[in-house]
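Lettering of chains follows the sequences in order, A, B, ..., and the numbering in each one begins at 1.
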There are 2 protein chains.
Amino acid sequence: MTKALERREKLRVDLIRAAEQMIAERGLSGLKTRDLAREIGCANGAVYNLVADVDELVLRVGSRTLHRLDEALSAAESTGNPSPQETLVRIAIAYCDFAAENLELWRALFEHRMAADKILPDWSVNDQLQLFRHIYHPLALLLPERGREELGITARSLFSAVHGMVALGLEQRLVAVPLPALRKEIAGLVRAMIDGLVARAK
Amino acid sequence: MTKALERREKLRVDLIRAAEQMIAERGLSGLKTRDLAREIGCANGAVYNLVADVDELVLRVGSRTLHRLDEALSAAESTGNPSPQETLVRIAIAYCDFAAENLELWRALFEHRMAADKILPDWSVNDQLQLFRHIYHPLALLLPERGREELGITARSLFSAVHGMVALGLEQRLVAVPLPALRKEIAGLVRAMIDGLVARAK
DNA sequence: AGGAAATCTGAACAACGTTCAATAAATATT
DNA sequence: AATATTTATTGAACGTTGTTCAGATTTCCT
């Protein structure tokens with residue numbers, strides 16, 4: 001690897017790190033190419049040698065966020081009471097905690113919209129699909145008679161439901177719920193959902 | 001009422017209607033003051049005599065959307081099987097259908113973010129809180145031993161969970177789910193949630 | 001060392017929300 | 001009815017954006 005390419009790679013990493021920090025501090029709408037350039041010590045235009053456009057930059061930050069989220073969910077998956085139901089509750093709570101602790105980065109995952117004609121790169125799509133896998137496994141234990149396809153859909157629904165509670169719960173727009181209350185609500189509703197799913201499966 | 005003020009009011013209404021149509025057709029990010037001005041036949045700057053800024057404009061469109069949503073949920077509330085459980089399922093499906101039929105306007109409700117220092121006007125906050133009332137009533141019948149406060153929180157959680165399923169379900173980003181499948185999923189999970197809530201309350 | 005290739009720069013562009021001095025219109029006053 | 005005063009409208013201009021690009025600079029290969 002030549003010296004120039006090394007420097008380029010290092011700059012690209014710096015750029016993504018700076019973008020991550022900027023989103024974390026000022027939100028997705030606070031991300032500005034000129035500020036980034038100043039931060040990593042290059043000209044405004046040079047950003048476009050490291051990255052095609054800001055869309056890609058946001059996606060790269062999103063990929064990092066998704067991987068950290070994945071780790072947080074993995075930790076929750078394998079810690080504590082191994083009953084599938086309580087595992088799912090822990091995963092949901094871990095999702096809530098991650099969102100609260102990484103509020104702006106987590107929001108950026110869902111706020112960001114690309115032009116309708118541009119298609120998501122494969123690596124970004126994959127990053128997202130990996131998430132459901134945490135839910136799939138415990139769910140399969142609880143609903144053994146369901147097929148792969150059906151389980152996948154249910155896993156996605158369960159994730160979406162928890163996501164909704166977290167998303168609206170952390171929104172300050174409406175009456176703000178204190179975080180401990182939100183965690184309790186999520187735990188309660190996840191348990192209820194699973195109870196209901198298992199009972200209906202009988 | 002003087003002639004000038006009448007004209008102004010009429011223009012303001014035109015402006016909001018034009019903004020509504022523009023969001024519906026091109027999404028929140030497709031809303032441009034210059035296009036609006038051309039649409040309603042005035043200069044770009046005149047928009048700011050009708051409305052403080054685009055934030056207010058988006059909020060006014062949002063208010064209209066929320067009122068139409070309220071009507072759709074009201075219709076679902078009082079039609080068909082009067083059992084509280086099935087009523088809640090119908091409300092959830094109606095929410096899903098409304099979101100699908102008013103995709104961009106519905107998205108605008110949640111995508112729009114104002115500067116952190118600007119506070120939401122009261123009328124906008126009220127519009128939003130009204131929604132939970134549709135869920136509160138059937139839920140109170142199902143969980144008679146819960147207090148007002150507790151019921152309010154559960155209603156918000158239930159709404160949020162359904163919202164999450166609709167939000168991620170209608171996202172084309174991930175694997176797109178056909179609308180009928182999404183409706184079926186929502187119905188199933190709402191029934192499960194309610195089963196679980198009622199069983200746990202015993 | 002020297003020419004070719006890649007990279008970096010910062011000025012320039014187009015589009016945006018917003019503001020504002022000047023103009024026009026409407027209303028109030030005499 | 002004529003004039004003065006308040007109000008509304010205009011479109012040019014401002015400050016920020018993301019993005020591009022011709023020229024300057026650096027790096028690379030022989």
Side-chain angles (χ1 to χ4, degrees), chain A residues 1-16 18-20 22-23 25-62 104 108 111-118 121, chain B residues 1-16 18-20 22-23 25-62 104 108 111-118 121:
Chain A
M1 189 66 74
T2 69
K3 206 168 208 171
L5 285 189
E6 267 177 36
R7 205 179 95 84
R8 208 177 118 104
E9 266 325 296
K10 181 168 150 29
L11 247 196
R12 201 206 303 278
V13 170
D14 284 354
L15 176 67
I16 293 167
E20 186 174 47
M22 201 169 285
I23 292 176
E25 285 174 359
R26 324 194 313 207
L28 185 56
S29 64
L31 188 71
K32 312 286 153 159
T33 59
R34 283 168 178 80
D35 292 344
L36 284 172
R38 195 178 318 118
E39 197 77 34
I40 67 174
C42 73
N44 177 26
V47 169
Y48 293 85
N49 294 57
L50 307 171
V51 123
D53 48 27
V54 290
D55 278 343
E56 185 192 331
L57 191 50
V58 174
L59 255 38
R60 297 229 109 101
V61 172
E104 293 297 345
E111 279 181 14
H112 178 60
R113 303 228 169 267
M114 303 201 321
D117 50 355
K118 283 215 285 190
Chain B
M1 188 67 75
T2 70
K3 205 169 210 171
L5 286 189
E6 267 176 38
R7 203 179 97 82
R8 208 174 116 105
E9 267 324 298
K10 180 168 149 31
L11 247 196
R12 201 206 305 276
V13 170
D14 285 353
L15 176 68
I16 294 168
E20 186 175 46
M22 200 168 287
I23 293 176
E25 286 174 0
R26 323 195 313 208
L28 184 56
S29 65
L31 188 71
K32 312 284 153 156
T33 59
R34 283 169 177 81
D35 292 343
L36 284 172
R38 195 178 318 117
E39 197 77 34
I40 66 175
C42 73
N44 176 28
V47 168
Y48 294 84
N49 294 59
L50 307 171
V51 120
D53 49 26
V54 290
D55 278 342
E56 185 192 330
L57 191 51
V58 174
L59 256 36
R60 298 229 108 100
V61 172
E104 293 297 344
E111 279 181 15
H112 179 60
R113 304 228 168 266
M114 303 202 321
D117 51 353
K118 283 215 284 190

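- In this structure, A:Ile40 places its CD1 atom 14 Å from C1' of C:dT7, rounding to the nearest Å.
- Within the nucleic acid shown, B:Asn44 comes within 4.0 Å of at least one base atom, counting heavy atoms only.
- Positionally, the nearest nucleotide of DNA chain D for A:Asp35 lies more toward the 5' end than for the other of A:Asp35 and A:Asn49.
- The nearest whole Å value for the distance from the CZ atom in A:Arg8 to the C1' atom in C:dA5 is 13 Å.
- Following rounding to the nearest Å, B:Arg12 (CZ) and D:dT9 (C1') show an atom-to-atom distance of 15 Å.
- One atom, NZ of B:Lys32, and another, P of C:dT18, lie 12 Å apart when rounded to the nearest Å.
- Candidate nucleotides C:dT18, D:dT17, C:dT9 were compared by shortest atom distance to the side chain of A:Ala46, and C:dT9 ranks first.
- Distance B:Glu56 CD to C:dG17 P: 16 Å, rounded to the nearest Å.
- Listed nucleotides: C:dT7, D:dT19, C:dT18. Nearest to the side chain of B:Thr33: C:dT18.
- Side-chain atoms of B:Asp53 come within 3.5 Å of backbone N or O of B:Glu56 as a donor-acceptor pair.
- Nearest heavy-atom pair, A:Arg113 versus A:Asp55, reported as atom, atom and distance to 0.1 Å: O-OD1, 4.4 Å.
- Rounded to whole angstrom, the span from the CG atom of B:Leu36 across to the P atom of D:dG11 amounts to 17 Å.
- One interatomic measurement links the two molecules: CZ of B:Arg34 to P of D:dA12, which rounds to 11 Å at whole-angstrom precision.
- A:Arg34 places no side-chain N or O within 3.5 Å of a backbone atom of A:Asn44 that could act as its donor or acceptor partner.
- You'll find that the side chain of A:Val54 is closest to D:dG18, out of C:dT7, C:dG17, D:dG18.
- Here D:dG18 presents its P atom at 10 Å from CE of A:Met22, a figure rounded to the nearest Å.
- Minimum interatomic distance between A:Asp35 and A:Met22 (heavy atoms only, all atoms of both residues): CB-CE, 3.7 Å.
- Among the nucleotides D:dT19, C:dT7, D:dT17, the one closest to any side-chain atom of A:Tyr48 is D:dT19.
- Residue B:Glu104 comes nearest to B:Leu28 through the heavy atom pair OE1-N, 4.4 Å, listed as atom of the first residue, atom of the second, then distance.
- You'll find that the side chain of B:Ala43 is closest to D:dT10, out of C:dT9, D:dA8, D:dT10.
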